[in-house]
2 protein chains.
Amino acid sequence: MSEEPRAVARERVIESMEQSAEVYGLSRSAGRIYGVLYFSEEPRSIPELVDETGYAKSTISNVTRTLARIGLIRRRSSEGGGRRVQYTAEREIWFILQDVFQQYVQRELQTTLRTIQRAEAQLPDDSGAETERIEELRETYEDLQEIVALASDFTVGELRDALESYDR
Amino acid sequence: MSEEPRAVARERVIESMEQSAEVYGLSRSAGRIYGVLYFSEEPRSIPELVDETGYAKSTISNVTRTLARIGLIRRRSSEGGGRRVQYTAEREIWFILQDVFQQYVQRELQTTLRTIQRAEAQLPDDSGAETERIEELRETYEDLQEIVALASDFTVGELRDALESYDR
DNA sequence: CGATTTGTTCGGTCTACTCCGAACAAACGA
DNA sequence: TCGTTTGTTCGGAGTAGACCGAACAAATCG
């Protein structure tokens, strides 16, 4: 069996994905399911994922929905007759990150920024320390928002190049 | 009482910080404690934080330890006689983010990358699909690591400028 | 039309975390 | 020295989330 080292290597990487999933606020099962799909040549249905991961059908159903919503996997409805739903992994990690930046990070920054701006607007002009603190905060958030907006339009290579070639 | 609008504005921003704390994997109490310290002119002791936040002493004690470890607040042991421990907020958000990048994101990327590299090394040269997938993954992680390493050496302004002025 | 396969939904259990209050330790002040 | 203040640690209550199995809906196949 010369397949074994491959299986071992794959398992290691998938375990690492489980761990990463937790860091990014997802469940371990999400990491494993993504990992299995990442290495699958063919799209996988829910029963197949049940076999390959050991998780219950209901878990697979729920987690795939979440993963699809976030954009880590894609749902291909019924290829070739059967009513089976098929899932594929999005393998371009950078695309995923761009999505996360645009959908979540940007949104989070945006709402925070709006709250800060509203608070600032309600304040009389001479309100001492509070005004200063809030102003400072707003400026930082404006910078961050701009940076994320710009970065999420770059490819990985461009981003790396932009940082490497920048001369202070 | 012309202080009220200031108190309201401050409260709004602190509530927003509570929410952000949850997003970043901290507790709501951590957000509020940081918020109160963020707006405090003077350093605050644990009993003072108990008064101003309404949380139990033990909660303040535990959360301040966590916040100090991460670098969001600083611990000044006993200024002016008393044995009181004093806390101040680190107000430069970008410094905090740089710390987080270097301490946590970099580390997480590093360990993942090492796992990938080890898996790749154990694989025979001709192992088909697995090799290709793992190689692809490794390259992405190398890029990401490089980007984070570079970015965490920039100031906010430099980073923004680098992205804005990059010409594709 | 049943029987089977697939996918979703719905309680339920288990675990982890947040926060609290009480007990404790350490240092100071009278 | 004894009482008081401050900070940490510990056990427990309440809560949220992960995952499971069972019940259910929908579609296909004989």
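Order of the sequence lines sets the chain letters (A, B, ...), proteins ahead of strands, with each chain counted from 1.
The number of heavy atoms from other shown groups lying within 6.0 Å of CZ (Phe95(A)) does not exceed 12.
Qualifying salt bridge (Lys or Arg N to Asp or Glu O under 4.0 Å) partners for Arg28(B), counting only residues two or more places apart in sequence or in other chains: Glu18(B), Glu22(B). With sequence neighbours left out, Ala56(B) forms a side-chain contact (heavy atoms from CB on, under 4.5 Å) with Ser58(B), Thr59(B). With sequence neighbours left out, Ser20(A) forms a side-chain hydrogen bond (donor to acceptor under 3.5 Å, both in side chains) with Glu108(B). The side-chain contact (heavy atoms from CB on, under 4.5 Å) search around Glu158(A) returns Phe154(A), Thr155(A), Tyr166(B), Arg168(B), not counting sequence neighbours. Residues satisfying the side-chain contact (heavy atoms from CB on, under 4.5 Å) test with Asn62(B), not counting sequence neighbours, are Arg65(B).
Rounded to an integer number of Å, the gap from CD1 of Ile46(A) to P of dG7(C) is 5 Å. Atom CZ in Arg84(A) sits roughly 7 Å away from atom P in dG7(C) (whole-Å rounding). In this structure, the CD atom of Glu48(A) is 9 Å from the P atom of dT6(C), given to the nearest Å. Protein atom OH of Tyr87(A) is 11 Å distant from nucleotide atom C1' of dT6(C), rounded to whole Å. Between Arg44(A) atom CZ and dT6(C) atom P the separation is 14 Å, expressed in whole Å.
Between Arg65(A) and dT9(C) there is a side-chain N or O to OP1 or OP2 distance below 4.0 Å.
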Base-contact (B) and sugar-phosphate-only (S) positions in nucleotides 15-20 of chain C, heavy-atom cut-off under 4.0 Å, - elsewhere: ---SSB
